[in-house]
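Right, one structure below, let's go through it.
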Amino acid sequence: MAQATVYIDTNRVISAISPLLFSGFAEHMGRCIYGGIYDPASPHADEQGLRRDVLAALRDLNLRSVRYPGGNFLSGYNWEDGIGPKDQRPRRRDLAWKSIETNQFGTDEFLHFCRELNAEPMLGVNMGTGTIQDAANLVEYCNAPVGTVYGDLRARNGHADPYGVKYWCVGNEMDGPWQIGQLSADEYGRKALEAAKMMRWHDPSIETVLCGSSSARMPTYPEWDRITLEIAWEYVNYHSMHYYATNFEDDTASYLALTAELENAVDTLAGVLRYVKAKTRSKHDVYLSWDEWNVWYKDRSGDGHWTEAPHLSEEVYNLEDALVVAQWMNVFLRKSDVLKIACLAQIVNVISPITTTRDGLLKHATYYPIMLFSRMASGNALDVAVKSQRVETREFGDVPVLDVAASHALETGTNAVFIVNRSQADSVTVDLCWQALTPTRVTSAYQVAGTDPKAVNSFEHPECIIARPIEVQDVSDGTGTLKLPPLSFTAIEVAF
Ligand code: AHR
């Protein structure tokens, strides 16, 4: 059995953890909205058609914000199709996913859903077929008082008070040839700047997100990021990153070492942010928004064959995916000085930890690490020191066998430590050593583990991979010992 030590010093603060790192993304794609969030025909639907069981599962994930309505869908979406009396809303062909969009769910329904979830809405404006005027109109509709056209329209639709939507994405993946209305970096930078200006003039308190490269594999990466930021810097608050992890090669060792690449992606863009801030002589800061992240490779279907709510990209997540997700969230904590928003793509049915049938709901393996992080990580991220053996990988050379992050919440006097054991064969006994403060007790400890990296949950066996409570011995002498089985994720919280 291998041995390791993790040193935790509550003085070694990386940064405050932004709660928005625990956010999600809901797109008009497949069965995310229709049949997922909104399903009036389900026995679980409330009076508004929202799925109560989905809301409950999402509340347990403690999502702080939800990005909406896309995604690629956004770039062909006329938001005015989705407001007003439902029987007058148009049916449209959605060119992004070759699906029929009924518009029975739109901006007002989404904002109601966010209130039910107690999550901040993060709305996107269409930079593909949409104009800067359409973008400004949506801000007016959501945030202006009554007395002019769009505030009055909102009031007629039943919402006299402004919604006060704070977070706004200025387009989606505008560098991609798959995007409706793809733009060059220069064109997009200019359009985003002009849209953001108008949006801010309607409501100076909003915060905007610029579209970064849609992936580090794009030929324009990272020039796209530099150019668009240089143009729009003063009018944006965040710059987006998107990344979908894959294991096409079925190389589990490399897959479980993906953090090297994820950290590199953040570091490169953090470098671009510093460069542009210096070049523009700006006093203003722009942070990173990882507003699409997840594992996505087993089901890439994106053609709805012109049907309503088709089954698209209904990825089923296994244990190794859950361990990648856990490490990704470790990266969020380790990079919390520059990374302020992260949206899991997506939250129901489409590349999601939750799958529904008309009357059932299944939580996949990835649900559990997301829940543990979102409930336990708060306050400051800590720079922990880890002494452990290393494991060999084809893709990333040798990497530490443990992937670790920690948080410290001053208000509650609690400290959480998150550890993935990447080894497929070896258990690791890890000593936790608290250096500045001595904990008095363990308040919770959970493990997600299994012997088969491909193990999944199913409607027949829904509890194959879940978070199980574990026993931890006394920590009041400032040390604790955990046994980490191979292929495991452990989260422990102590109080001081
Ligand atoms: O989340 C699915 C799709 O992935 C989004 O629509 C798009 O932004 C990305 O390519």
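In what follows, every heavy atom counts, from backbone to side chain, and hydrogens, waters and symmetry copies are set aside. When a ligand or atom number is given, it counts from 1 through the structure's own listing order.
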Is there any protein N/O under 3.5 Å from an N/O of ligand 1, and what does the full list of such pairs look like?
{"from": "ligand 1", "atom 1": "1 (O)", "to": "Y244", "atom 2": "OH", "distance (Å)": "2.8"}
{"from": "ligand 1", "atom 1": "1 (O)", "to": "E292", "atom 2": "OE1", "distance (Å)": "3.4"}
{"from": "ligand 1", "atom 1": "1 (O)", "to": "Q346", "atom 2": "NE2", "distance (Å)": "3.0"}
{"from": "ligand 1", "atom 1": "4 (O)", "to": "Y244", "atom 2": "OH", "distance (Å)": "3.4"}
{"from": "ligand 1", "atom 1": "4 (O)", "to": "E292", "atom 2": "OE1", "distance (Å)": "3.2"}
{"from": "ligand 1", "atom 1": "6 (O)", "to": "E27", "atom 2": "OE1", "distance (Å)": "2.6"}
{"from": "ligand 1", "atom 1": "6 (O)", "to": "E27", "atom 2": "OE2", "distance (Å)": "3.2"}
{"from": "ligand 1", "atom 1": "6 (O)", "to": "N72", "atom 2": "N", "distance (Å)": "2.9"}
{"from": "ligand 1", "atom 1": "8 (O)", "to": "N172", "atom 2": "OD1", "distance (Å)": "3.3"}
{"from": "ligand 1", "atom 1": "8 (O)", "to": "N172", "atom 2": "ND2", "distance (Å)": "3.0"}
{"from": "ligand 1", "atom 1": "8 (O)", "to": "E173", "atom 2": "OE1", "distance (Å)": "3.4"}
{"from": "ligand 1", "atom 1": "8 (O)", "to": "E173", "atom 2": "OE2", "distance (Å)": "3.4"}
{"from": "ligand 1", "atom 1": "8 (O)", "to": "E292", "atom 2": "OE1", "distance (Å)": "3.2"}
{"from": "ligand 1", "atom 1": "8 (O)", "to": "E292", "atom 2": "OE2", "distance (Å)": "2.7"}
{"from": "ligand 1", "atom 1": "10 (O)", "to": "E173", "atom 2": "OE1", "distance (Å)": "2.8"}
{"from": "ligand 1", "atom 1": "10 (O)", "to": "E173", "atom 2": "OE2", "distance (Å)": "3.3"}

Under 3.5 Å, side chain of R468 to main-chain N/O of A449, donor-acceptor pair present? no
Between N318 and E320, is there a donor-acceptor pair closer than 3.5 Å when you use the side chain of the first and the backbone of the second? yes
Only residue of Q179, E27, H28 satisfying side-chain hydrogen bond (donor to acceptor under 3.5 Å, both in side chains) with N72 is Q179
Between the main-chain N or O of Q104 and the side-chain N or O of Y34, is there a donor-acceptor pair closer than 3.5 Å? yes
Run the salt-bridge test on K454 and D452 with the 4.0 Å N-O cut-off and return the result as yes or no. no
Closest non-hydrogen atom pair between H364 and I354, with its separation: CD2-N, 4.1 Å
